[in-house]
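Reviewing the structure listed below.
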Amino acid sequence: MQTDLAPQLLDWYDRNHRSMPWRVPPGARAAGERPDPYRVWLSEVMLQQTTVAAVREYFQRFTARWPTVADLAAAEDAAVMAEWAGLGYYARARNLLKCARAVAVDHGGQFPASGAALLALPGIGPYTAAAVASIAFDEPAVVVDGNVERVMSRLHLVETPLPRAKPELTALAAALTPQQRPGDYAQAVMDLGATICTPRSPACGICPWMDPCAARAAGVQASLPRKEAKAAKPVRTGLVWLVTRPDGAVLLEERPAKGLLGGMAGFPTTGWDGSTLPAPLQADWQEVGEVRHTFTHFHLVLTVLRGISAGNPTRGTFTPRAAFSPAALPTVMRKAWDLAATPRPA
DNA sequence: TATCCGTGGTT
DNA sequence: TAACCAAGGAT
């Protein structure tokens, strides 16, 4: 009975709700309480390709510092980038600010209440538009993330590999999306995928959709969804210069606004494709070791050079030690700092 | 449409 | 340990 699937899942959700800082529990929601669209949007952007555990503390810090979208819109770029440091996919932070400012300027400080209008905002794609529309505004939008793709591929035994199967899985998800409690339903499917219908060893024995699940009946649930093979990651190498002035100031530069780690603060480096660049100034360089870091599509081995100089750098700006926080750096830069700061055996 | 874009936890 | 994986979006 396909028509009973959504109510079955909502019953499960009511009994197994997971508390999160950006959520309104189903009980309070039934009593009329509505989530703050700003908090729903912020959490959904943070949750793009990112785990709930990783997002929690960032969400708390952002909402404590910028309680409303107007506060965020008025923030300085560098402050937001520094607060996002470590969370990854830094284009999200750049688009977060663009979006907040668009809401402030073009929408009177209120998030538009439809999925179609949300989709037009920076950093909001099909998933996030549907998630915010359903969770914050009760629109029966079709929410399709990696969890939903996995659940649908198993429930309906879809053997077409991703990403080719995406349109089919979206259509299947649309057929199940209810008019009643669409926001709770969206969160319920994603919770199901996150806690029961997991990638490797799904807990089918306690799944509310065990009976109608075609993959479970065929015993192939763990092999779905199928995915196209991914390209191997090449190894890239480069140099990074950690320069301090005798007074302790640290040489930092803001990376270009686009591309890898775009808009983030960092230490000057060579290119990472074998190209060579001159050092930012003259110094007696000391090699402290190597830092290894894996990005989305390549492995990086960075040789860390340390030097002390009071000269005028050709790149970057000396930042007073008191104004420098390693926590404001992307992880690969923080690794380099930690390596240079850690005493090594002679 | 294919590629680019981080990070930390899990297996 | 290397591969895989996560509440994707922009270009």
Side-chain angles (χ1 to χ4, degrees), chain A residues 18 20-23 39-59 81 84-96 98-99 118-136 141-151 162-164 166-167 170 173 183 185-195 197-202 222-223 225-236 255-264 266 272-273 292-300 329-335:
Chain A
R18 296 196 299 161
M20 298 176 195
W22 48 85
R23 278 190 172 176
R39 294 168 65 89
V40 173
W41 162 74
L42 178 61
S43 68
E44 290 300 343
V45 173
M46 288 183 167
L47 285 163
Q48 290 166 6
Q49 298 289 289
T50 309
T51 60
V52 170
V55 163
R56 270 203 159 86
E57 59 184 275
Y58 282 87
F59 180 83
M81 299 311 288
W84 195 276
L87 198 56
Y89 282 135
Y90 298 98
R92 292 185 295 173
R94 303 194 298 270
N95 286 326
L96 192 77
K98 288 183 189 171
C99 183
L118 287 162
L119 189 58
L121 290 166
I124 296 185
Y127 164 77
T128 305
V132 174
S134 65
I135 296 170
V142 182
V143 176
V144 183
D145 73 333
N147 288 304
V148 176
E149 289 175 351
R150 186 169 58 256
V151 170
L162 284 168
R164 209 165 70 230
K166 176 96 177 183
T170 299
Y185 172 80
Q187 294 174 92
V189 191
M190 293 190 284
D191 276 12
L192 186 72
T195 64
C197 197
T198 55
R200 304 293 182 86
S201 303
S223 68
R226 293 188 183 177
K227 297 192 177 181
E228 306 280 10
K230 294 174 183 173
K233 295 179 180 178
V235 178
R236 297 184 187 173
R255 298 179 57 82
K258 294 184 178 180
L260 193 73
L261 309 181
M264 296 297 291
W272 299 343
D273 52 359
R292 293 171 186 278
H293 190 75
T294 298
F295 293 99
T296 310
H297 52 291
F298 66 95
H299 303 288
L300 177 65
L329 299 174
T331 298
V332 66
M333 298 293 175
R334 188 175 47 72
K335 283 183 180 178

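No experiment lies behind these values; they were computed from the predicted model shown.
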Does [X] have a side-chain nitrogen or oxygen under 4.0 Å from the phosphate oxygens OP1 or OP2 of [N]?
X      : N     : result
A/H297 : B/dC5 : yes
A/T50  : B/dG8 : no
A/Q48  : C/dG8 : no
A/H293 : B/dT7 : yes
A/Y90  : B/dT7 : yes
A/K227 : C/dA6 : yes
A/R94  : C/dG9 : no

Look at the side chain of [X] and the backbone N and O of [Y], then say whether any donor-acceptor pair between them is shorter than 3.5 Å.
X      : Y      : result
A/R94  : A/G262 : yes
A/Y89  : A/M46  : no
A/S43  : A/V40  : yes
A/R255 : A/G266 : no
A/R334 : A/G86  : no

Of A/R200 and A/R18, whose closest DNA chain C nucleotide lies nearer the 5' terminus?
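Whichever sits nearer the 5' end wins; that is A/R200.
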Report the residue (A/P122 or A/V148) whose heavy-atom-nearest nucleotide on DNA chain C is the more 5′ of the two.
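Closest to the 5' end, via its nearest nucleotide, is A/V148.
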[X] [atom1] to [N] [atom2]: how many Å, rounded?
X      : N     : atom1 : atom2 : answer
A/R226 : C/dC4 : CZ    : P     : 16 Å
A/R92  : C/dG8 : CZ    : C1'   : 9 Å
A/Y58  : C/dA6 : OH    : P     : 21 Å
A/Q49  : C/dG9 : CD    : P     : 9 Å
A/K233 : B/dT7 : NZ    : C1'   : 10 Å
A/K230 : B/dT3 : NZ    : C1'   : 14 Å
A/M46  : C/dA6 : CE    : C1'   : 16 Å
A/R292 : B/dT7 : CZ    : P     : 17 Å

Across the strands shown, which category fits [X] at heavy-atom distances under 4.0 angstrom: base, sugar-phosphate, nothing?
X      : result
A/S201 : nothing
A/T296 : base
A/L87  : base
A/M264 : nothing
A/G262 : nothing
A/K166 : nothing

Which listed nucleotide ([options]) is nearest to the side chain of [X]?
X      : options             : answer
A/T331 : B/dG8, C/dC5, C/dG9 : B/dG8
A/R334 : B/dC5, B/dG8, C/dG9 : B/dG8
A/P199 : C/dA6, C/dG8, B/dG6 : C/dA6

If you take any heavy atom closer than 4.0 Å to DNA chain B, which residues from residues 187-195 of chain A end up in contact?
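Of all residues in residues 187-195 of chain A, none places a heavy atom under 4.0 Å from DNA chain B.
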Donor-acceptor pair under 3.5 Å, A/Y127 side chain vs C/dG8 base
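No pair found.
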For the aromatic rings, using the six-membered ring if either is Trp, is the centroid distance between A/F295 and A/H293 under 6.0 Å?
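Centroid separation for A/F295 and A/H293: below 6.0 Å.
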Does a donor on one side chain and an acceptor on the other come within less than 3.5 Å for A/R23 and A/Q187?
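The answer is yes; a qualifying pair exists.
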Hydrogens and angles aside, do A/Q48 and A/Y127 bring a side-chain donor and acceptor to less than 3.5 Å of each other?
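Absent: no donor and acceptor within the cut-off.
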Atom CD of A/E149 and atom NZ of A/K166: how far apart are they, to the nearest 0.5 Å?
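Separation between the atoms: 4.0 Å.
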Map A/A53 and A/L260 onto DNA chain B by nearest heavy atom, then report which one ends up closer to the 5' terminus.
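Per heavy-atom nearest nucleotide, the more 5' residue is A/L260.
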